[in-house]
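A, B, ... follow the sequence lines: proteins, then strands. Residue 1 opens every chain.
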Amino acid sequence: MHARFRWLPLVAIAVAGCAQQPPAPESAPAPPPARARSDVDHAIEARIALARRHQAAGNPRAAATEWQILTLLAPDNPEFRRELAASREAAQRLAKERLDAARSAQRSGQSERALEAYVQALAFDPGNDEAVRALRELDRQRFARIQQDRAARARNEAAAAPRPAADAYDIDQALELLAAGDLAGGLRDLKAWVDANPRQRATRQRIGTAVFDKGRELEAAGARDQALAAYESAVTLHGEAPAAWTARIAALKKSIADGRAGTR
Amino acid sequence: MRRAGGAGVAAALIALAAVLVGCADAPLRPAPVAVERPPPAPAEIARDDDFVIVRLAAGESAATLAQRHLGDAARAFWILEANGGVPPAAGDVVVVPLRPPNPLGVEPGGYQAIPILCYHRFGSRASPLTVTPAAFEAQMDYLARNGYTVVPVARLAGFLSGREPLPRKTVAISIDDGYRSTFDIAFPVLTRHRFPATLYLYSDFVGAGDALNWAQMRQMQASGLVDVQPHSKTHANLTQKQPGETDAQYRDRLRREVDAPIAAIRDRLGTASATFAYPYGDVNDAVIAELRRRDVPAGVTVTPGGNGFFAYPYYLRRSMVYGTDSIDAFKAKLVTFVPLAGRN
């Protein structure tokens, strides 16, 4: 008989044995109907197949779960208990093997390899505290390196190479703040970026133009003082402001001064 | 479609602080769920400490079984995942796990991860940080139709501590800054799908031209779908000292950046802060120290990727959703399982 089906006679014996048990006392619940019993048989077959699939896939812990369920569905079946014990033992053996590999990789500085081996150790032994602690620390260290890299890039003022995506995000975010009405917040962040990247001519022009456009919008809305602040910031951020901008600033300054004089 | 959160947001927030700080010492084998067990039902076939096996009665479902045996209908996914993922029918033999079946979400080939999506603004003109209403609708529709469970960011606490598993395809939604379009455009879509979302607010923005006001935030919060969390006071990069700023001045500024939004959200919305979104996603040890001082146990960055159970709570990954993303690019951000590259 194919190994895969070698349980079926035992299942049949167990099930038949259950059917031949003496009548239950009157206080006990009524025995399940015959159709229900066959549902249990069906569940047993399905769980055996599942356990075998997990074993074939190299996951004895998941297989052990299925064997444990089978010991509940067919408590008189000794094979299910043996399979449960064997699966648990295999899972513990693999967990130890993976844990040893993880420790070794960690000692030799191979943190990614260590992380993977710790994950596998946990897959075979979900209660392993050492693996959990090690994974948390490895991930913390990995992320700390990411953050340090970001900070180092931000400090590298002289970098002339194209900026990474993270900085593109910073600029877009600042421009969004500006567009949304947070003039102070947007200008502050854009100024910080330009201060850190004075040689990024194309991006400075883009920023300056966006700020100048915001100034026009404010001026059209009657917020002339804010418009003037935006225009002047645009000139600084741009670095090579067009003559039309300076003319517009001069005109607005005069208009503001005239307005104030008129109210005196 | 599955969703979680709603009324659970407030409870999850309260629980978060207590749970996250204890991550490192969390017991790994969760105790059986403490519910008062009902008398053995006639349909019960067998039981041990880990499982009860029942025959599903007419009118029952995974949710009613979860309510009866696990104390929470939202744990129905434990039952579904233990029974092949198919909703059981009346008469089926159903295995009910009494402990979380795989609380850490680890498999020999990889581990479960929870992606946190990060949006900013919604509007008719797409830009990197502005997602159109049609694109947002399509993205939420994709989540709904493909069996994703959406949880508030605070729900990650139980998962990170190893105490509470989350369904295999779980995702969190966050929206940064506090643009009015969150209320005008995103909120109706979220409401339609009953999807929760976490709004990260920088408090100086409130009242600016295109910002939310407190009444709108209160209305969203009252729906049980949106929780408001801090995103600094001014949206300055908290890791960068300003020119000429001394260490003491920097620390004082950090303190204001952390304290002000927490106080504003507490005073205006009555909400405790359980997570903090770092402006530009940047964080350093000084920022984390300030969050610890205020008992905020977690922080989110904009480093993309999903969060495994072992993620450091102050370095949670988030994936930005851009207005220029295609639906395929959006799908690629739904990292709910991280396969191991080498398999050693």
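Contacts between B/Thr239 and chain A at a heavy-atom distance below 4.5 Å are absent for every atom of the residue. Residue A/Ala121: no heavy atom, backbone or side chain, is found under 4.5 Å from chain B. For a residue to count as touching a neighbouring chain, one of its non-hydrogen atoms must lie under 4.5 Å from one of that chain's; by this rule B/Asp92 does not touch chain A. Of the two parts of A/Ile69, the backbone and the side chain both hold a non-hydrogen atom closer than 4.5 Å to a non-hydrogen atom of chain B. At a 4.5 Å heavy-atom cutoff, the contact between A/Phe143 and chain B is made by backbone and side-chain atoms alike.
B/Tyr202 and A/Asp182 share a donor-acceptor pair across their side chains, judged by distance under 3.5 Å alone. Between the side chains of B/Asp177 and A/Gln173, at least one donor-acceptor pair of N or O atoms lies under 3.5 Å.
Each of B/Asp48, B/Asp50, B/Val52 was scored for a side chain to side chain contact (heavy atoms under 4.5 Å, CB included) with A/Leu72, with one residue passing: B/Asp48. For the pairing with B/Phe310, the side chain to side chain contact (heavy atoms under 4.5 Å, CB included) check across A/Leu115, A/Leu138, A/Leu122, A/Val132 returns one residue only, A/Leu115.
Using a 4.5 Å heavy-atom cutoff, the side chains of B/Tyr315 and A/Arg142 are not in contact. Within the 4.5 Å cutoff, side-chain heavy atoms of A/Arg188 are placed close to those of B/His235. Counting only heavy atoms from C-beta outward, the side chains of A/Asp172 and B/His120 never approach each other to under 4.5 Å.
The nearest pair of heavy atoms linking B/Ile45 to A/Val40 is CD1-CG2, 4.2 Å. Scanning all heavy atoms of the two residues, the minimum distance from B/Pro101 to A/Arg61 falls at O-NH1, 4.2 Å. Between B/Glu107 and A/Ala123 the shortest heavy-atom distance is C-CB, 3.3 Å. Between B/Gly110 and A/Val119, the shortest heavy-atom distance links the atoms O-CG1, 4.0 Å. The minimum heavy-atom distance linking B/Pro108 with A/Phe124 is given by the pair CG-CE2, 3.7 Å. Nearest heavy atoms, B/Gly91 versus A/Asp39: O-OD2, 3.2 Å.
Within the 3.5 Å criterion, the main-chain N or O of B/Gly281 finds a donor-acceptor partner in the side chain of A/Gln147. A/Glu116 contributes no side-chain N or O that, together with a main-chain N or O of B/Leu340, makes up a donor-acceptor pair within less than 3.5 Å.
Counting heavy-atom neighbours within 6.0 Å of B/Gln242 CD, excluding the residue itself, gives a total above 12.
For the side-chain contact (heavy atoms from CB on, under 4.5 Å) test, residues two or more places apart in sequence or in another chain that qualify with B/Ala311 are A/Asp139, B/Leu160, B/Asn307, B/Leu316.
Top candidate by heavy-atom pairs under 4.5 Å with chain B, chosen from A/Ala184, A/Ala144, A/Ala105, A/Gly185, is A/Ala144.
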